[in-house]
Asks: 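Take this structure, written in structure tokens, and hold onto it; I'll ask about it next.
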Number of protein chains: 2
Amino acid sequence: MTKDEPSSVWLRDPGVRARSTPLTRERIVEAAVALLDGHGIEGLTMRRLAGALDVTPTALYWHVRTKEDVLDLAVDRIFGAAPVPPVTADWREDVRALARAWRTAMLEHPWAPGLIGRPVLGPNVLARTEFLQSALVRGGLSDLGLAVTTRLLANYVIGAALTESAWRRSPGAGPAPARAHITADPAAYPTLTASGHLDAERWDDESLFDRGLDAILAGACGGAVEVRGR
Amino acid sequence: MTKDEPSSVWLRDPGVRARSTPLTRERIVEAAVALLDGHGIEGLTMRRLAGALDVTPTALYWHVRTKEDVLDLAVDRIFGAAPVPPVTADWREDVRALARAWRTAMLEHPWAPGLIGRPVLGPNVLARTEFLQSALVRGGLSDLGLAVTTRLLANYVIGAALTESAWRRSPGAGPAPARAHITADPAAYPTLTASGHLDAERWDDESLFDRGLDAILAGACGGAVEVRGR
DNA sequence: ACCTGAACACCGTTCAAGT
DNA sequence: ACCTGAACACCGTTCAAGT
């Protein structure tokens, strides 16, 4: 909400607001993320972006090739914002920490998961994968099992972030009406009705996500006993 | 491909092509999926959609509230196209069959995963979840474990479809350049370099996906032995 | 009930021109 | 090198009017 700009701008020439710092990719991406956070995916317009930077829309095209570029940069930026956790002695905890931080970063910017529709391998994402896989190697995985588990974890986190951010983004379509949609037709959905699927009273997203991580670690690395204990 | 329209239309006035069948939601969604399949997400325009149906753009708004509606309907349609598999005696095989069919349906329409950005609980999606969860119940799951595994499976499938369709959609950005991106900096990505991450020569998407399913079933239901045997 | 025509308020992007 | 101004070819959607 409150924009925190370098104060030097305001000191330099108090009469002239904006037209301030020189336009850079850095500033463009920063402003883009702010717009996306504030108004969602369709809140980002090259014209609005230019307006927020007090610049002509066409000026952006000197620093950026296309609007898609801006979106790619914005996605990579939010992964760079959340730091990779430190390596500890417990590789399982490292995996969990990374996965949780990853999910959290995406949920803090609900527009982000929907943009993974483009191949996302900026340096920040690759660094996370490196951390994740090195933890799995410490856990004894290699070859096919390693490849399988790496993908399994990544896809689980992405899928969870995508679906959770979905009805966090669309107003009025929370889990409550979704649950009602099920109980309205118990004949069609007997199992879902009985199990309390999508019942926010019974399960919350966070703990379901954590237990899912446990199940993955148990299944891929055969440590069912340790997991049950925690 | 072949449209099956009521023949009465053609009998009525053989000289006039198109303007043919009356405009219906059904026909609109059908045409929308065709446009999406042919030209991707940005190939779908209300104006182009109208053109394909030989109708004024504004005519669509009589049958449909907004463009978002069209997208929602298109997504639900492709899930309705792939039938829910039959229930067998082997609940594990049922789970696998559903997950595979689900992923396949999305990969056949690479624009679809990116649209899960909206809460997707059309009847076709709910029917799949009902099938999935009932199989898990037959496998002995209940309560929290059931809720966890249901989400885990759904999110895994969605995440896999999303990432796989991503670089299937963007041309020139296949796994090969991605892999090169890693090996170009082995100092930064030692584990990924050594493990052959993203190396299409060593692993293919399909078998990685299948083995991931095995791991989930093993971890959630504790059947590591059965899984290893197959 | 269903569709057209004209119009509104936007888009992303190009390109010559300015400084 | 960096930015402006004008312009192009589009958008989604509304609304009165036709049949």
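Labels below follow one simple rule: chain letters A, B, ... track the order of the sequence lines, proteins then strands, and each chain is numbered from 1. Because only heavy atoms are used, hydrogens play no part in the values below, and waters and symmetry mates are left out as well, while side chains stay in.
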Asks: To the nearest 0.5 Å, what is the distance between CG (B:Leu198) and OG1 (B:Thr193)?
Replies: 10.5 Å
Asks: Rounding to a whole Å, what distance do you find between B:Met46:CE and D:dC10:P?
Replies: 18 Å
Asks: When you measure from the side-chain N and O atoms of B:Trp62 to the phosphate of C:dC2, is any distance below 4.0 Å, counting only OP1 and OP2?
Replies: yes
Asks: Would you kindly compare B:Arg47 and B:Thr24 by the position of their nearest DNA chain C nucleotide and give the one closer to the 5′ end?
Replies: B:Thr24
Asks: Send over the distance from B:Leu44 CG to D:dG12 P, rounded to a whole Å.
Replies: 8 Å
Asks: What is the separation between atom CG on A:Asp69 and atom C1' on C:dG12, rounded to the nearest whole Å?
Replies: 13 Å
Asks: Can you tell me the distance, in whole Å, between the NZ atom of A:Lys67 and the P atom of D:dC10?
Replies: 18 Å
Asks: OP1, OP2 of D:dC3 versus side-chain N and O of A:His63: anything below 4.0 Å?
Replies: yes
Asks: Can you tell me how far CG of B:Asn155 sits from OG1 of B:Thr150, rounded to the nearest 0.5 angstrom?
Replies: 10.5 Å
Asks: Starting at CG of B:Asp54 and ending at P of C:dC2, how long is that distance when rounded to a whole Å?
Replies: 19 Å
Asks: Let's see if you can work this out: which of D:dT13, C:dG12, D:dC11 has an atom nearest to the side-chain heavy atoms of B:Arg48?
Replies: D:dC11
Asks: Less than 6.0 angstrom from the centroid, inside 45 degrees of the normal: does A:Arg128 satisfy that with respect to the ring of A:Phe79?
Replies: no
Asks: Taking atom CZ of A:Phe209 and atom CG of B:Leu152, what is their separation to the nearest 0.5 Å?
Replies: 10.0 Å
Asks: With a 3.5 Å distance limit and no angle check, can you tell me whether A:Thr183 reaches the backbone of A:Ala180 through a side-chain donor-acceptor pair?
Replies: yes
Asks: Around atom CZ of B:Arg25, are there more than 12 heavy atoms from other residues, nucleotides or ligands closer than 6.0 Å?
Replies: no
Asks: Could you write out DNA chain C as a dot-bracket string, with dots for unpaired bases, | for bases paired across to another strand, and Watson-Crick or G-U pairs counted at under 3.5 Å?
Replies: ||.|||||...|||||.||
Asks: Check every atom of D:dC11, D:dT13, C:dC2 against the side chain of B:Thr45 and return the nucleotide holding the closest atom.
Replies: D:dC11
Asks: Quickly work out the B:Leu53 CG to C:dC2 C1' distance and round it to whole Å.
Replies: 15 Å
Asks: Is B:Arg77 salt-bridged to B:Glu26, going by a charged N under 4.0 Å from an acidic O?
Replies: yes
Asks: When rounded to the nearest Å, what value does the distance between P atoms of C:dA9 and D:dA9 take?
Replies: 22 Å
Asks: Grab the CG-C1' distance between B:Leu60 and C:dT4 for me, whole Å please.
Replies: 12 Å
Asks: Quote, to the nearest angstrom, the C1' distance that separates C:dA16 from D:dC2.
Replies: 15 Å
Asks: So does A:Arg179 pair up with A:Glu201, basic N to acidic O under 4.0 Å?
Replies: no
Asks: Kindly point out which of C:dT13, C:dG12, C:dC3 is positioned nearest to the side chain of A:Pro57?
Replies: C:dT13
Asks: Between B:Thr24 and B:Arg27, is there a donor-acceptor pair closer than 3.5 Å when you use the side chain of the first and the backbone of the second?
Replies: yes
Asks: My understanding is that only one of A:Asp204, A:Asp205, A:Asp210 makes a salt bridge (charged side-chain N to carboxylate O under 4.0 Å, His left out) with B:Arg151; could you say which?
Replies: A:Asp205
Asks: Return a single string for nucleotides 14-19 of chain C, one symbol per nucleotide in 5' to 3' order, where B is base contact, S is sugar-phosphate-only contact and - is none, cutoff 4.0 angstrom on heavy atoms.
Replies: BB----
Asks: Between A:Glu42 (CD) and C:dC11 (C1'), how many Å, whole number?
Replies: 13 Å
